[in-house]
Amino acid sequence: MPRKKISIPNKIEYLSILNEKSELDKKLDPDISDNLLLKLHRTMLLARKFDERLLSLQRQGRIGTFPPISGQEAAHLGAVAALRPTDWMVPAFRETAAEIWRGRTLESVIIYNNGYNEGAAIPEGRYDLPISVPVGSQILHAVGLGWAAKYRQKDDVAMAFFGDGATSEGDFHEGLNFAAVFQAPVVFVCQNNQWAISIPLAKQTRSKTLAQKALAYGMPGIQVDGNDILAVFAAAREAVERARSGGGPTLIECVTYRLMMHTTADDPKRYRTDKEVEQWKNRDPLPRFQNYLIRKGLLTEDKIAKAEAEVVQEIQEAVDRAEKQMKELGDPVHMFAHLYAAMPPYVEEQKKEFERELAELNKEADHG
Amino acid sequence: MPRKKISIPNKIEYLSILNEKSELDKKLDPDISDNLLLKLHRTMLLARKFDERLLSLQRQGRIGTFPPISGQEAAHLGAVAALRPTDWMVPAFRETAAEIWRGRTLESVIIYNNGYNEGAAIPEGRYDLPISVPVGSQILHAVGLGWAAKYRQKDDVAMAFFGDGATSEGDFHEGLNFAAVFQAPVVFVCQNNQWAISIPLAKQTRSKTLAQKALAYGMPGIQVDGNDILAVFAAAREAVERARSGGGPTLIECVTYRLMMHTTADDPKRYRTDKEVEQWKNRDPLPRFQNYLIRKGLLTEDKIAKAEAEVVQEIQEAVDRAEKQMKELGDPVHMFAHLYAAMPPYVEEQKKEFERELAELNKEADHG
Amino acid sequence: MAKMTMVQALNLALRQEMEKDDSVVVLGEDVGVDGGVFRVTDGLINQFGDQRVLDTPLAESGIVGMSIGMAAYGLKPVCEIQFSGFAYQNFHQIENHAARLRWRSQDRYHVPMVLRAPYGGGVRALEHHSESREAYWAHTPGLKMVIPSGPRNARGLLVSAIRDPDPVIFYEPKALYRAFREDVPEEEEIMAIGEPRCVRQGSDLTMISYGAMMRPTLEAAVELKEKDGVEAEVIDLLTISPLNEKILVESVKKTGRAVVIHEAPRSFGPGAEIVSRLMEKAFYYLEAPIERVTGYDIIIPLFSREKAYLPSVQRIIRSARKVLAA
Amino acid sequence: MAKMTMVQALNLALRQEMEKDDSVVVLGEDVGVDGGVFRVTDGLINQFGDQRVLDTPLAESGIVGMSIGMAAYGLKPVCEIQFSGFAYQNFHQIENHAARLRWRSQDRYHVPMVLRAPYGGGVRALEHHSESREAYWAHTPGLKMVIPSGPRNARGLLVSAIRDPDPVIFYEPKALYRAFREDVPEEEEIMAIGEPRCVRQGSDLTMISYGAMMRPTLEAAVELKEKDGVEAEVIDLLTISPLNEKILVESVKKTGRAVVIHEAPRSFGPGAEIVSRLMEKAFYYLEAPIERVTGYDIIIPLFSREKAYLPSVQRIIRSARKVLAA
Ligand SMILES: Cc1ncc(C[n+]2csc(CCOP(=O)(O)OP(=O)(O)O)c2C)c(N)n1
Ligand SMILES: Cc1ncc(C[n+]2csc(CCOP(=O)(O)OP(=O)(O)O)c2C)c(N)n1
Ligand SMILES: [Mg+2]
Ligand SMILES: [Mg+2]
């Protein structure tokens, strides 16, 4: 049936700069300062080693379940590196490298993962929301933050992170639509790590790319090699600049891979092959970036070994601090804190009741 | 920045067959039997006159608030006409012509709009869900119906209706995604009538068309002139055939216009101009179709006048039947019916309590 | 003082707070150009412009989620959900985030937002437009749940809700939007959240209600006085949650008898909590079981039968007599 | 009879119902290849194929909305929401549609679906994974709300839920998933919905609970017997809604004293309805105010403090002694 074709203004592109062999596409070189390159490398390394350490802490029962990030460092770190400290970061729960970049302490991560609410505290001066477990729900908060900044005539940008699975949630849809309609300064970063727990991308959506979902909102969308930190950074920088200068939101799909389990409660062998994991290990963003920096003359094997030793030490100190701090976090009465600005009378009563019971229990324990 | 363009498999097209001057694009003639053409015309006429009558009943306080459909008859009737009676229709609330086509009685519409649940009853043999007020929520039900048919190896198709406003709801997104992933035999028909109460399309989405939202789901999408019943029918027939033969879902955007108020509680003068309404009156689907049928020799002015008189009579009889029936629907105890298959004991007690109170009140009234 | 309907009084509260504080922004479906389907936000867009009064796309989770982000930035969003029956679309945003952000961030952020929504029956509305499900929010820690009963307290409470540093769900009894007028002062008047009010004194019986049910409750109290010589004390909750039972308990200690009245379905409804608090704190003063006069445990019927569903003066009187006779 | 965990018993119920009736289909996030994050649906996809066990995209409203459509067609969908804390995303689908379709269509359609979800604390889970908010559903007319307390009744109740012609919200106390084993017969065993059970007889005190709180409640009953010589009667609700208060009332008429125990926040929680029913139907038998031992009106803390939040044997005993002393 012959019909008129509708031309859609936005096109969807794919960006890769540093390929799997660490070869640079010179035309696309984002021209990042040596200083920044080295800082990115150091954070990636730290995050990778920290992930490994968290896993061993979890296996030893010293922290609870947590979601490892290994393999995805470039995807979220590259994106957040395009932000100013006063921009907003709205995380999901698999952006530890980006959180560290933004100033989150390693011990707060440990404390949070060991079931203390104190670990979710955000200090003044850091413009991040706490991690968000309900998949996709945080996307809308970035729209509100971005819109509010614009309303206040500040040029702050908000960057929201989420996974491939999150793109199926209604909140993803509502968030991108609101951002586009209100032209809010928001950058939507999807870490497409191919899996949502056991659900592969092909069962998540029939769309060829996630980036093309931007077309539904009349918004620019781009797919990047998410294991190529240069590409992620370049795409994010462009999107952040667009947002900051009033050009509205962008959707960035970072194609990456979760090398480890979904969380430490998950057994990926149930749903994916070792072979697939091996293939993706060849695309690991860390050695790829490292080799590039070596070739560029910014790093040597020795320097890397030294940096590794330093971050391992840094992590050890954080673990020690965290374990010391947690000894002082015992007080269960803290669970009544921070719910309202002022505690309602009936809750106050419950708290007193609880304190009385605690005291009695302690007395019994002393006597017993 | 030079980058690789991603080619997206689906393209979005626009279809118009009968233009505003009732001129047929012969290449695109869907070749509908004279019989069907006349039946469609009759239903359109009936629905239009019924809308007018409902409005006057509402203004006289003889029914409650209702949503008029005038101007949108082609958009929903054309679509539903492509279904078999055993296919499923999942309405929103502005598809009265389509409901009539499917066998809904005029009196049930009146009874429902006068606040009696009985008016929502669906008789055996009609495969329609009752109208759905929570915007967008019904879209998912069509996916479940379609999937179930496929599971039962039936070739039934489900057709879901919704407005332009509904495309902003998360359920629209989840529904289209599920349908595409499961390749459910569903046709999604969006009546884009330009307004969601007072919100114009440009504030609803930044997307150039609603049809292109299909690209986000890897699903075919098409925009049609929704005031051209031939175009709507042709697009729907193609989508229904695709769904029936295992080709999965389609999104059809019918570009149309709500000529009247949102509901009778709404005052459109607050948000849109008379001029805009006048412009759309020129595109009214009823005269457009009528003139085509006259030119085609299927109708004459006389025949139309006669048909009008007949439908007015038919409506009058329905109003009479409805008002008679409603006299018998008084029993308030009916509100306890149809909530569960078996009434739970405490609800049973409440019902008895209510009956006792009713009896007392009646006694008092008798004595007083 | 001008005589105002509740719609006008709410509008006044919004307008004055917006004048006073440019962090107050209004958003929702049809709240701008149309002025809201009940006209509560009428004229605000003309006065404050479309950057402070946002007509949003049709998506409740979007509205609430965006409000949460605005609030985290430091604004005070007042969002409207067109009818409370469509606030379930945003349930997760309220439960997972609005009610928790202060706690989750350990006081770094808080969510000074108000979610306004018309609720309840009595205006011959469509399906899903007449429900009364305040108990959902009342059971959710981290929220406040407020329901005014007249123009004046609607205005005073809305001002408090807007200024409240924590999220407030503000249900407006739509049956009262235009039902009557009251004197509402032009100058600032604030009513604190968390303080039920005794609106009629009496020593024989305590009647506890809120929202649109205050009117039949007060009528019943008058009729009980006239016909039975009974002095009923009537308490208007105003804040459903956090429930402050203090004056309820004091009253029941005095009267020994109580009736609780609400439109919501009875089971697991707000009345159950009131009964339980009185059980905890006034048991030894109770001379009869407390009666609940409520909506039935069914879905509120379409409008032709809604009167039969809603607690009536007669039903309230019957229950009061039962409690008094016991 | 095999000794089974609750996970195994639920799996047995699903498997046998699927064998018996090809209209039973299972859907949800990770329920297929992965067998569910708690393995309740383990092996079903191998036995029944991916047309009867659907791994869905990550969208709860999608899962429930699709289930409603399937049910209207005549299937019996059993959908899993991965944790009850993510069932708010589908609240509107349940409230607006699942609970109403029979009523809306005047009996032409009904919704024989089950929504399964793990709920409650005690397994050191992440944020949003430990809540207990059954009251939301219990307050919603048109639904049934079931919570088993052990492998055997979990199996029998799930079978009933699947066969029930109306929508059933089935909350599984995840703390009990693998906590203990019970004999569960291979042959069919059904437990009717709507029938609380007296699981321990006694004449001094009635203890009412359900779900994971049954264990500390029973422990407390034993300790009360041993230390105080008190004979506590213990009732397991099993069906929260529609609440059938018959045996509760009978018990309290006998004992005159009661304690209600649940994990959910106290205010506007399930205990309030139980207290109110007992007030209505056993007031004159009550010798002391009924105590509620519940979660506090705060958000359940992250796991390091969750034990402090959850009702403990000690708290239950303390309340029981208070009631007994009064
Ligand atoms: C609303 C909601 N539903 C379900 C879950 C359980 N859940 C946690 S993570 C996850 C998968 C997320 O997949 P994706 O968005 O791709 O992120 P990834 O885990 O791969 O980083 C699921 C289903 C949840 N946390 N929130
Ligand atoms: C979930 C939900 N939110 C809000 C409403 C109130 N409401 C009823 S119709 C409507 C506008 C619908 O617009 P559209 O989808 O374009 O359909 P139309 O009315 O134009 O046919 C709104 C906001 C509703 N019924 N449901
Ligand atoms: Mg993923
Ligand atoms: Mg519309």
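So that the names make sense, note that chain A is the first sequence line, chain B the second, and so on, each numbered from 1.
Across B/I12, B/T167, B/V181, the residue that shares the most heavy-atom pairs under 4.5 angstrom with chain A is B/I12. Your options are A/Q204, A/K203, A/Q183, A/Q223, and the one with the most heavy-atom pairs under 4.5 Å with chain B is A/Q183. Per-residue counts of heavy-atom pairs under 4.5 Å with chain A were compared for B/D25, B/T205, B/N177; the largest is that of B/N177.
One finds the CG atom of A/L15 at 10.0 Å from the NZ atom of B/K4 (value rounded to the nearest 0.5 Å). Note that the CD atom of B/Q212 and the CD atom of A/Q212 stand 12.0 Å from one another [nearest 0.5 Å].
Side chain of B/D171 to backbone of A/G170: no donor-acceptor contact under 3.5 angstrom is found.
Heavy atoms of B/I222 lying under 4.5 Å from chain A belong exclusively to its side chain. In this structure, chain B has heavy atoms under 4.5 Å from both the backbone and the side chain of A/E169. Of the atoms belonging to A/S7, heavy atoms from both backbone and side chain fall under 4.5 Å from chain B. Looking at A/K208, the atoms closer than 4.5 Å to chain B (heavy atoms on both sides) all sit in the side chain, from C-beta outward. There is no contact between A/F182 and chain B, counting heavy-atom distances below 4.5 Å.
Of all heavy-atom pairs between A/Y217 and B/R206, the closest is O-CB, 3.5 Å. Of all non-hydrogen atoms in A/S207 and B/A216, the two that sit nearest each other are CB-O, 3.2 Å.
Ring pair B/H173/A/H173 is parallel by interplanar angle, where below 30° counts as parallel and above 60° as perpendicular.
Of the options B/L215, B/I8, B/I6, a side chain to side chain contact (heavy atoms under 4.5 Å, CB included) to A/T209 is made by B/I6 and by none of the others.
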